[in-house]
Amino acid sequence: MTVPTLSGPATGRTAGRPGLAAQLLRRKPIGQMVSEAESGHGGPRLVRSFGVLQLTMISVGATLGTGILVILGESVPLAGPAIWISFAIAGLAALLSAVSYAEMAGLVPVAGSSYSYTYATMGEGMAWICGWCLVLEYAVSVAAVAVGAGQYVNETLAVFGQVLPDAISQPPGDGGMVNIPAMVIVVLATILLVRGAKESAWINTAIVVVKVGILIFFCAVAFTAFNAGNFEPLLPMGAAGVSAAASSVFFSYIGFDAASTAGEEARNPKRDLPRAIMLSMVIVTTIYVLVAVAAIGARPWGWFDGTDAALVRILEETTGQPWIALVFSVGAVLAIASIVLTVLYGQTRILLSMSRDGLIPKIFGRVSSRTGTPVAGTLLVGIAVALTAGLVPLGALADATSIGTLFAFALVNVAVIYLRRTRPELERTFRVPFFPLTPILGALMCAFLMANLGADTWVTFGVWMLVGLAAYFGYGRRNSRVAALSHEEYRELSRPESSTLSTTEQTKAELS
């Protein structure tokens with residue numbers, strides 16, 4: 001049986017192109033996604049080199065440290081001593097979505113993450129919106145984390161009596177002209193990703209080990225100065241403050257989403273991706289809450305207001321030993337580099353999938369036969385993110401990232417419900433527990449956290465969506481490969497037998 005593919009050009013096959021409403025609702029068959037990923041879309045394909053350890057470390061590397069190392073000074077004034085509750089709430093919301101990601105990652109083991117999951121369930125229109133949100137989520141979160149690098153570089157230099165002037169270590173609006181350390185970290189991560197995904201994964205694993213080590217070291221020191229009185233009153237800003245802080249720090253939990261973008265580079269994605277996602281969530285949430293409790297126990301919550309590199313300051317004041325601050329600051333810079341590396345990796349894979357489907361220019365989908373990576377796309381993304389990190393303040397970046405993340409997570413929860421109802425026969429290597437309650441709660445929790453974000457963030461999100469709609473109608477709609485299929489081809493691809501055939505062929509290829 002011959003199954004039509006989407007690997008040919010989108011132009012020239014437009015007879016019977018659907019109308020706008022029909023095109024927006026056209027779904028991409030799961031089996032076809034898997035088949036095309038294995039075939040490399042007619043060119044070099046991504047190299048399958050990741051095991052469960054590397055996948056877990058990608059997830060932890062993209063997550064652990066962001067909220068603690070970079071925005072603790074901004075989030076504590078919102079929630080007070082209850083900041084650890086904010087991290088727990090954000091972690092619960094992320095966990096509810098993470099189990100949905102784990103099920104979808106086993107069903108759709110391709111590079112597109114929630115973009116691909118949405119395309120398979122809700123059609124091209126929602127897939128484009130999700131993909132556009134992911135561009136905001138990934139690119140902006142990389143920039144937001146990199147912005148914090150300048151703080152820790154200065155903490156490192158301060159041990160030697162030196163400091164970078166604000167003009168080259170802070171963005172406009174924060175007292176400087178350009179954040180050079182942030183730009184340098186993004187550029188170095190871009191170069192590493194261009195060289196190869198396997199090499200990047202092993203370097204990330206080593207950095208993650210260091211990152212976990214320095215956070216555990218911080219807790220050990222901070223608990224020596226623990227004062228239970230710092231937790232009274234627990235809710236000085238009320239429940240609203242806790243909710244606001246939870247919404248703000250939620251972007252710290254996007255790491256498991258980055259792991260799901262590695263679906264085409266995992267050796268056994270159906271088994272290892274769900275395991276990596278769940279394991280990383282347990283590790284990250286535990287450490288976040290532990291560090292938040294240790295930090296508040298060591299210093300009153302009012303002390304954090306306006307304090308940069310708060311954890312380093314706590315170590316300095318607690319021990320009085322400059323070398324301890326030096327070690328932690330160097331480790332923090334490495335931790336930030338790990339987040340930049342893994343989230344930038346996820347961004348390039350999302351754009352790779354969107355490019356393959358014809359929704360964005362082809363250059364983002366070209367895989368180098370020498371390195372097995374999307375070199376051109378990685379360079380373009382790296383340049384754009386480096387400029388953003390160097391010129392945009394942290395606060396605006398963090399909130400904009402949170403709203404894009406929450407929207408994408410909500411869509412994945414809905415995708416799980418849809419496929420359970422419409423395709424119950426599909427083999428699932430991981431199943432969401434307490435279905436349908438868990439994905440419903442996950443979607444509602446995301447909506448609740450979105451509602452707690454400020455009006456400025458919603459305005460930014462609305463403007464971003466308008467730009468996305470213009471991009472879709474100006475390019476994506478005309479070049480969509482799914483829309484270019486004739487009605488007969490689309491019906492053939494959408495038959496369950498076609499999906500089953502493609503998945504079976506993919507399984508045979510893995511076994512061989």
Side-chain angles (χ1 to χ4, degrees), residues 27 30 59 63 82 84-109 113-123 126-127 129-130 133-134 137 239-240 242-247 249-257 259-260 263 270-286 288-289 402-453:
R27 298 184 294 272
I30 293 175
S59 183
T63 310
W84 67 271
I85 299 178
S86 298
F87 275 107
I89 292 172
L92 175 61
L95 180 62
L96 291 172
S97 296
V99 293
S100 292
Y101 265 90
E103 178 166 322
M104 293 302 297
L107 274 173
V108 191
S113 184
S114 51
Y115 158 77
S116 295
Y117 308 156
T118 305
Y119 213 158
T121 55
M122 295 175 229
M126 290 304 296
I129 292 174
C130 182
C133 284
L134 290 173
E137 171 190 336
V242 174
S243 298
S247 298
V249 304
F250 185 83
F251 94 108
S252 307
Y253 286 90
I254 68 170
F256 66 83
D257 186 59
S260 69
K270 288 180 174 290
R271 181 196 68 186
D272 292 344
L273 277 175
R275 293 180 180 181
I277 290 170
M278 298 310 298
L279 181 59
S280 66
M281 282 301 303
V282 172
I283 294 172
V284 167
T285 304
T286 300
Y288 271 168
V289 173
S402 292
I403 197 167
T405 304
L406 287 164
F407 189 80
F409 285 5
L411 290 179
V412 174
N413 284 294
V414 174
V416 167
I417 297 172
Y418 175 87
L419 282 182
R420 285 283 192 100
R421 298 299 186 191
T422 60
R423 299 297 305 277
E425 81 284 356
L426 292 175
E427 180 184 356
R428 290 166 170 82
T429 54
F430 178 88
R431 300 179 70 88
V432 170
F434 307 112
F435 178 88
L437 180 62
T438 301
I440 290 175
L441 287 177
L444 291 176
M445 182 69 82
C446 290
F448 170 75
L449 292 177
M450 288 178 71
N452 278 280
L453 292 170

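Model, not experiment: these values are computed from the prediction.
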Tell me every residue that passes side-chain contact (heavy atoms from CB on, under 4.5 Å) with [X], counting only those two or more places apart in sequence or in another chain.
X	value
Leu441	Leu96, Leu437
Ala93	Phe250, Met445, Leu449
Tyr418	Arg27, Thr121, Thr422

**OP:** Mind running side chain to side chain contact (heavy atoms under 4.5 Å, CB included) on Arg423 and Leu107 for me, showing each step along the way?
**Re:** CA-CA 11 Å; Arg423 299 297 305 277; Leu107 274 173; over 6 Å; no
On a heavy-atom basis, which atom in [X] and which in [Y] lie closest, and how many Å separate them?
X	Y	answer
Val99	Phe430	O-CE2, 3.5 Å
Ala90	Ala246	CB-O, 3.8 Å
Lys270	Gly106	NZ-O, 3.1 Å
Thr438	Asn413	O-OD1, 4.5 Å
Ser86	Val249	O-CG2, 4.3 Å
Leu411	Met122	O-CE, 3.1 Å

**OP:** Give every residue pair that meets the salt bridge (Lys or Arg N to Asp or Glu O under 4.0 Å) criterion with at least one member in residues 86-101, sequence neighbours excluded.
**Re:** none
Original post:
What residue pairs, at least two apart or across chains, pass salt bridge (Lys or Arg N to Asp or Glu O under 4.0 Å) with a residue in residues 428-442?
Top reply: Glu103-Arg428
Quick one: side chains of residues 273-282, donor-acceptor pairs under 3.5 Å with protein atoms, not counting sequence neighbours, listed by atom name and distance.
residue	atom	partner	partner atom	Å
Ser280	OG	Ser59	OG	2.5
Ser280	OG	Ala276	O	3.1
Ser280	OG	Ile277	O	2.9

Determine whether [X] and [Y] make a side-chain contact, defined as any pair of heavy atoms from C-beta on separated by less than 4.5 Å.
X	Y	answer
Ser114	Phe409	no
Ile417	Phe435	yes
Leu95	Thr285	no
Tyr117	Leu419	no

**OP:** Check the pair Ile129 / Phe407 against side chain to side chain contact (heavy atoms under 4.5 Å, CB included), numbers first and verdict last.
**Re:** CA-CA 9 Å; Ile129 292 174; Phe407 189 80; 3.3 Å; yes
Original post:
Is Ser113 reaching over with its side chain to a backbone N or O of Ser260, donor-acceptor style, under 3.5 angstrom?
Top reply: no
Original post:
Once you round to the nearest 0.5 Å, how far does OG of Ser97 lie from CG of Leu92?
Top reply: 9.5 Å
Original post:
Going by the angle between their ring planes, with limits at 30° and 60°, are Tyr288 and Phe87 parallel, tilted or perpendicular?
Top reply: tilted
